[in-house]
Trainee: 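First, the structure itself, so that you have it in front of you.
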Amino acid sequence: MLRRARWFVTGAGLGAGTSLWVANRVRRRVRRYAPPALARRAGRAAAELRADLRTAAAEGRTAMRERETELRQGRVGRA
């Protein structure tokens, strides 16, 4: 009889603990995909994209100027 009680209590404890764990995980997922959270993440992604585009444009302009200088120096040397 004591064995059955022990296994019953163990099973009930594991079942309750697992239920709480799953409920907590579901709550976190729901909060993560709620409209305000999605809006925040989209805003951050847009800001990062904007910064990346600015950096790429600046690097492109720098490379263009360097290449133009190289080409002009090559022509001046020949003339």
Trainee: Could you name each residue pair satisfying side chain to side chain donor-acceptor pair (under 3.5 Å) that touches residues 26-41, not counting sequence neighbours?
Mentor: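 Residue pairs passing side chain to side chain donor-acceptor pair (under 3.5 Å), neighbours aside: none found.
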Trainee: Of all residues at least two apart in sequence or in a different chain, which pass the side chain to side chain contact (heavy atoms under 4.5 Å, CB included) check with Val26?
Mentor: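 Side chain to side chain contact (heavy atoms under 4.5 Å, CB included) check on Val26 returns Val22, Val30.
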Trainee: Sorted by first residue and then second, give each side chain to side chain donor-acceptor pair (under 3.5 Å) pair with at least one member in residues 46-68; sequence neighbours left out.
Mentor: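 For residues 46-68, and leaving out neighbouring residues, the side chain to side chain donor-acceptor pair (under 3.5 Å) pairs sorted by first residue read Arg67-Glu70, Glu68-Arg72.
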